[in-house]
2 protein chains.
Amino acid sequence: MAVTLRDVARLAGVSIKTASNVVNGYEFVKPENRRRVEEALAATGYRPNIGARNLRRGRTGFIALVVPELGIPYFGELASLVITAGREQGWNVLIEQTMATREAERAVLTALGPHMIDAAVISPEALHAEDFAELDPGVPLVMIGEHSVDVRIDHVAIDNVLAARTAVGHLVAIGRRRIAAIGAHPHRGTAALRLAGYHEALAAAGLPQRPELVREALRYHRQNGAEAMAQLLALPEPPDAVFCFNDLLAVGALRSIAERGLRVPEDIAVVGFDNTEEGAYSRPSLTSVAPDKLAIARTAVDLVRRRTGGTDAEFVPEEIQTPFTLEIRESSLPRF
Amino acid sequence: MAVTLRDVARLAGVSIKTASNVVNGYEFVKPENRRRVEEALAATGYRPNIGARNLRRGRTGFIALVVPELGIPYFGELASLVITAGREQGWNVLIEQTMATREAERAVLTALGPHMIDAAVISPEALHAEDFAELDPGVPLVMIGEHSVDVRIDHVAIDNVLAARTAVGHLVAIGRRRIAAIGAHPHRGTAALRLAGYHEALAAAGLPQRPELVREALRYHRQNGAEAMAQLLALPEPPDAVFCFNDLLAVGALRSIAERGLRVPEDIAVVGFDNTEEGAYSRPSLTSVAPDKLAIARTAVDLVRRRTGGTDAEFVPEEIQTPFTLEIRESSLPRF
DNA sequence: CCGGATTTTTACATCGTTGGCACAACGATG
DNA sequence: CATCGTTGTGCCAACGATGTAAAAATCCGG
């Protein structure tokens with residue numbers, strides 16, 4: 001059924017090794033033989049058995065991409081780009097979903113033995129620093145998005161503090177004074193960073209920190225945003241702007257605001273994070289921090305390539321910051 | 001570095017085969033030896049080398065899921081479910097993106113040789129019937145979503161004609177008379193089916209077919225929906241309702257309608273297709289045909305299991321219809 | 001305590017591929 | 001013509017796991 005190199009070699013009248021040499025682009029093959037092998041290759045439609053090749057070469061050709069959930073637009077879009085970037089470098093990308101549970105993320109670190117994949121790109125949501133210390137996956141790891149300061153792992157992300165400060169600074173610039181935040185989280189590193197940026201921006205503008213304006217979101221889904229916003233609107237003095245830690249939260253917030261009969265941006269300005277296409281088409285369209293997802297994907301895959309490149313020199317974790325912009329849309333237009 | 005069965009066997013003081021027998025649950029192993037091997041297994045943290053195992057067994061344990069693009073919410077959500085359903089049955093799911101190009105879909109059929117995967121679940125967008133005839137991937141194929149009548153391949157989908165008729169029937173029921181459709185496509189099977197359902201519903205209601213109310217969409221993205229809607233709004237007699245062939249088109253349509261200052265559903269009612277979460281949170285929230293995505297994922301994976309089960313009896317393609325509902329939301333509420 | 005049946009273990013070949021190495025073929029050089 | 005360096009090819013082993021089948025250990029009744 002399946003065509004093997006042996007079949008090709010037999011058809012071309014050469015040894016298996018010569019056929020292999022042609023396939024692998026080895027230089028010194030007699031033109032005559034090369035032609036015959038190539039014809040046989042074409043005639044049989046030969047495809048190398050990846051498993052066997054990897055077994056021999058000691059690599060698998062797979063990298064894992066560990067994300068919370070593909071159904072979340074940001075991760076869907078990111079996965080799409082990582083798959084493409086990986087493909088360009090000859091990798092197959094295997095996607096693992098953790099549903100943002102610490103247990104699943106730990107399991108992935110453990111189970112992704114050294115046999116199955118050559119490296120992993122992971123976007124942890126619930127892992128603690130000690131998890132990394134205690135579970136050694138045995139393959140290079142590149143973290144994207146999340147940031148745990150005391151973990152010695154390669155890391156690709158935007159400057160979350162600066163990004164958050166920029167977003168909130170923009171709200172200040174359009175004249176808002178009671179600026180809320182949605183998305184604080186007890187264990188999530190990025191949440192802490194974005195919250196820090198939020199506080200910095202308030203401080204820089206001389207605005208008071210009002211704890212009641214900061215809402216937690218245990219998951220970053222639309223519903224969580226809607227619930228948090230509903231709570232903010234129930235305050236005696238509701239906010240005149242809200243910075244959501246991702247676009248889904250913001251979309252949920254928009255809905256709660258609309259249900260209360262308030263208008264965006266006139267009554268409340270809204271800024272999101274991730275710049276998903278969904279936000280660009282929401283009503284009103286959503287101002288959002290726009291990480292360069294393509295850069296993140298490319299950089300992560302590139303790191304993987306370097307880490308699997310073999311040089312066993314002393315490991316110095318890389319901390320790479322990718323660019324971002326603030327996409328200003330209807331949800332935060334100035335009042336006049 | 002990597003622990004092999006040889007290491008385990010040495011540590012347990014038995015032969016490799018005995019260790020293998022324990023790992024594979026072979027019955028006749030002396031309890032004493034079984035215990036020793038199990039201890040060694042635990043002590044070394046052995047993980048089988050999947051590639052080697054598959055090489056020997058002649059299977060790969062992988063199935064491919066071929067979709068246009070993960071960044072599209074419907075496919076992101078579907079992929080998420082297929083991965084989970086596959087995992088439950090012991091499969092690793094490998095995702096391939098085709099960006100809805102015929103070329104990439106053909107390439108996938110060709111390249112997914114029999115070595116890499118055991119089967120493929122494919123959601124074709126641009127493939128023609130003859131592509132299937134001429135390219136034999138050499139592994140079982142299960143189609144989801146798309147329907148090409150004359151292809152002898154397993155197929156899982158909802159009844160697209162009925163679903164479209166239901167959606168349009170609903171628009172008729174709330175009193176709309178000039179009902180447009182967005183999403184016609186020259187080569188896409190599902191588009192033809194949904195269009196047929198649209199026509200059937202109009203006919204059943206005694207409404208005339210107006211060709212100018214049917215717009216093509218070459219891709220099913222938000223932007224295509226927005227453009228098509230803009231054209232409809234430019235008609236001398238614009239529609240009072242529009243049936244979009246997926247939620248993204250509908251979201252784009254909502255935006256165009258809003259930009260023209262018209263209201264949904266008062267001026268124009270909108271119905272989408274796919275029931276993505278994005279649609280449920282859009283403003284107004286989107287009435288949408290809701291395929292049971294979980295059922296589709298489960299059924300497809302189940303078919304894969306049966307097809308790879310080995311019985312080489314005569315191949316009779318299965319045609320499985322999964323259930324759907326119509327989720328009625330704000331975008332198609334009756335006028336009073 | 002032996003012959004035979006049954007349970008348990010082991011050696012060996014094998015899956016498809018590639019690296020290492022020996023050797024063959026070749027033209028060029030002294 | 002002998003020698004040499006350069007090219008090109010084929011043989012063998014190996015990657016890690018498992019199927020086959022034979023060998024070894026164990027058990028049973030007589």
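In what follows, chains carry the letters A, B, and so on, assigned in the order in which the sequence lines appear, proteins first and then strands, with residues in each chain numbered from 1. Quick caveat, the model's predicted, so the values are computed rather than measured.
A donor-acceptor pair under 3.5 Å is formed between the side chain of Thr308(B) and the backbone N or O of Val304(B). Remark: side-chain polar atoms of Arg47(A) are not paired, donor with acceptor, to backbone N or O of Val3(A) under 3.5 angstrom. Between the side chain of Asn54(A) and the backbone N or O of Ile50(A) there is at least one donor-acceptor pair closer than 3.5 Å.
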Salt bridge (charged side-chain N to carboxylate O under 4.0 Å, His left out) assessment of Arg35(B) paired with Glu32(B): CA-CA 5 Å; Arg35(B) 192 184 52 74; Glu32(B) 161 73 6; 3.3 Å; yes
Check against side-chain contact (heavy atoms from CB on, under 4.5 Å), Asp302(B) and Arg298(B): CA-CA 6 Å; Asp302(B) 209 56; Arg298(B) 285 244 171 84; over 6 Å; no
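Residues that satisfy the side chain to side chain contact (heavy atoms under 4.5 Å, CB included) test with Thr18(B), not counting sequence neighbours, are Val14(B), Ser15(B), Val29(B). The side chain to side chain contact (heavy atoms under 4.5 Å, CB included) search around Leu141(B) returns Leu109(B), Ala120(B), Ile122(B), Phe132(B), Pro137(B), Ile153(B), not counting sequence neighbours.
Between Val142(B) and His155(B), every side-chain heavy-atom pair lies at or beyond the 4.5 Å cut-off. Contact of the Leu11(B) side chain with the Tyr46(B) side chain is not registered, since no non-hydrogen atoms from C-beta on lie closer than 4.5 Å.
In the set dT17(C), dT8(C), dA17(D), the nucleotide with an atom closest to the side chain of Asn49(A) is dT17(C). Minimum atom distance to the side chain of Arg56(B) is reached by dA13(C), of the listed dT18(C), dT7(C), dA13(C).
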Set out, line by line, the N/O atom pairs under 3.5 Å between protein and nucleotides 23-28 of chain C.
none

Please report, to 0.1 Å, the donor-acceptor pairs under 3.5 Å made by any side chain of residues 62-88 of chain B, with sequence neighbours excluded.
| from | atom 1 | to | atom 2 | distance (Å) |
| --- | --- | --- | --- | --- |
| Glu69(B) | OE1 | Arg219(B) | NH2 | 3.3 |
| Glu77(B) | OE1 | Lys293(B) | NZ | 3.1 |
| Ser80(B) | OG | Gln97(A) | OE1 | 2.8 |
| Ser80(B) | OG | Gln97(A) | NE2 | 3.4 |
| Thr84(B) | OG1 | Ser80(B) | O | 2.9 |
| Arg87(B) | NH1 | Glu96(A) | OE1 | 2.9 |

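Distance Tyr26(B) OH to dT8(C) P: 9 Å, rounded to the nearest Å. Regarding Arg6(B), its CZ atom lies at a distance of 14 Å from the P atom of dT18(D), rounded to whole Å. Separating the CG atom of Leu5(B) from the P atom of dC15(C) is a distance of 20 Å, rounded to the nearest angstrom. Rounded to whole Å, atom P of dT7(C) lies 5 Å from atom CZ of Phe28(B). A straight line from CG of Leu55(B) to P of dA13(C) spans 17 Å, rounded to a whole angstrom. Summarising the geometry, the separation between CZ on Arg57(A) and P on dT17(C) is reported as 11 Å, rounded to the nearest angstrom. Atom CG of Asn54(A) is separated from atom P of dG19(C) by 12 Å (rounded to the nearest Å). Rounded to whole Å, atom C1' of dT7(C) lies 13 Å from atom CZ of Arg34(B).
Distances shown here put every side-chain N or O of Arg53(A) at or beyond 4.0 Å from the OP1 or OP2 atom of dG16(C).
Sequence order on DNA chain C of the closest nucleotides to Val23(A) and Ala52(B) puts Ala52(B) first from the 5' end.
Only one option out of Arg59(B), Arg307(B), Arg305(B) pairs with Asp118(B) in a salt bridge (Lys or Arg N to Asp or Glu O under 4.0 Å); it is Arg59(B).
Closest of all the heavy-atom pairs between Ala104(B) and Thr101(B) is CB-OG1, 3.0 Å.
Near DNA chain C, meaning a heavy atom under 4.0 Å away, the residues from residues 7-22 of chain A are Ile16(A), Lys17(A), Ser20(A).
Using a 4.0 Å heavy-atom distance criterion, Asn24(B) is classed as a sugar-phosphate-only contact.
Taken together, the paired segments of DNA chain C that extend over three or more consecutive Watson-Crick or G-U pairs, each closer than 3.5 Å at both contacts, are C:1-30 with D:1-30.
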